[in-house]
Amino acid sequence: MRRVFLRVLTLVAMMLAAGPAARAIPEAQAMAKLRVIPVHLLVDGKGVPLPIPKDKTLVLPLYLDRQRAQSELQQIRSRQPGQNVALATLPLSEANALVASLTKDLKPGYRLLAPVLPRRQDLEKATTLLQQKGLTAAQIRQGLTVPIFFTRPFLTAPTAEGERGLLFLSYADLQQALSKQSGSPSRRVEVADITAVLHRLMQTPQDLFVFRAHQSGGSDRPSRALAPPPPPPLPGGG
């Protein structure tokens, strides 16, 4: 599996400036970039996350696609009409911190998994692009969780910190951005796993890139719908 991640990582490595031997930006700074990415999760009436128990594993899906999360919510309400369940939305950076906090409350032998589930159409497009690079379907399933799309050369945008290269979570949003580039050089679309992208960002000599979350008319904007920390123990907690 390590070879698969390294092969996917090379797709980003060719695009980002080669960094020094030591990390150029701290891990916390790289992870903070995830704050612009909203994720959706199931919670109870008090805002407490509702993981799915599977033996001694608790699974808490973090949906990038609000419609997919809404569909799961409706299925639960249909199966369990009396259960008080809703959707909460928060930045991925905060979701990571929440999962770490919840994990501390588990009994020994229990574990919490919080997979980030991308939009199906983006995963399908990423699979096609990686197959064109020579990766097999099995390798892609092992090495690709959340696809990040970008171009060669990079699309850029002004920010408060200066011009930054754009990393898209949505292929459609990248295409829309490309359609607005009149008279610009030809760009080729690339894709890599978010883990590989974050790893590479922490090796670049400067902070030169930003994520662009999926634009959906405002419905995906982060909201403070969760119970305040620290969260109550999960099932199986002490």
Side-chain angles (χ1 to χ4, degrees), residues 1-2 4-5 8 31 34-35 37-124 126-127 137-148 169-170 193-199 213-214 219-220 222-238:
M1 183 179 294
R2 179 175 173 80
V4 175
F5 277 108
V8 177
M31 297 302 290
L34 302 179
R35 65 181 178 270
I37 303 172
V39 292
H40 314 281
L41 64 155
L42 297 172
V43 298
D44 67 13
K46 297 180 180 180
V48 178
L50 293 174
I52 304 166
K54 296 183 179 179
D55 297 324
K56 289 190 175 183
T57 298
L58 302 170
V59 182
L60 182 65
L62 304 174
Y63 298 92
L64 289 175
D65 187 345
R66 184 176 179 84
Q67 290 184 345
R68 186 175 175 183
Q70 189 71 37
S71 176
E72 180 64 24
L73 173 66
Q74 295 304 324
Q75 291 182 40
I76 292 177
R77 286 176 172 172
S78 177
R79 294 193 302 264
Q80 306 174 46
Q83 184 172 3
N84 190 352
V85 58
L87 283 184
T89 303
L90 73 165
L92 180 53
S93 55
E94 293 185 16
N96 288 337
L98 175 67
V99 170
S101 177
L102 293 172
T103 300
K104 295 178 182 179
D105 293 324
L106 296 178
K107 284 183 178 179
Y110 284 79
R111 64 173 182 164
L112 174 64
L113 300 180
V116 181
L117 303 181
R119 282 166 291 277
R120 290 189 177 93
Q121 60 268 35
D122 290 326
L123 193 58
E124 291 171 358
T127 298
Q139 289 173 327
I140 294 169
R141 283 194 300 271
Q142 291 176 347
L144 183 66
T145 56
V146 177
I148 300 298
L169 277 88
S170 164
D193 184 71
I194 191 171
T195 303
V197 171
L198 288 169
H199 177 75
H214 177 55
S219 63
D220 280 356
S223 62
R224 301 283 182 168
L226 293 182
L234 292 175

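For P118, the side chain to side chain contact (heavy atoms under 4.5 Å, CB included) partners two or more places apart in sequence, or in a different chain, are L64, L123, P147. The side chain to side chain contact (heavy atoms under 4.5 Å, CB included) test applied to R141 returns A137, A138, not counting sequence neighbours.
Here the straight-line distance linking atom CG of L62 with atom CG of N96 works out to 7.5 Å at 0.5 Å rounding. For the atom pair CD1 (I140) and CG (D193), the distance works out to 11.5 Å, reported to the nearest 0.5 Å. One distance of note links CG of L92 with CG of L98; it measures 11.5 Å at 0.5 Å rounding. Considering CD1 of I52 and CG of L58, their distance stands at 10.0 Å, rounded to 0.5 Å.
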Could you walk me through whether Q83 and L50 satisfy the side chain to side chain contact (heavy atoms under 4.5 Å, CB included) test, starting with their C-alpha distance in whole Å, then the side-chain angles of each, then the deciding distance to 0.1 Å, before giving a yes or no? CA-CA 11 Å; Q83 184 172 3; L50 293 174; 3.7 Å; yes
Given the rule in the side chain to side chain contact (heavy atoms under 4.5 Å, CB included) test, do T57 and L113 qualify, once you have shown the distances and angles that lead to the verdict? CA-CA 7 Å; T57 298; L113 300 180; 3.8 Å; yes
Please walk me through it: do D44 and N84 pass side chain to side chain contact (heavy atoms under 4.5 Å, CB included)? CA-CA 6 Å; D44 67 13; N84 190 352; 5.6 Å; no
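Under a 3.5 Å cut-off, the side chain of R68 and the backbone N or O of R119 do not form any donor-acceptor pair. The main-chain N or O of V99 is found under 3.5 Å from a side-chain atom of T103 such that the two form a donor-acceptor pair. At least one donor-acceptor pair under 3.5 Å links the side chain of D65 to the backbone N or O of Q67.
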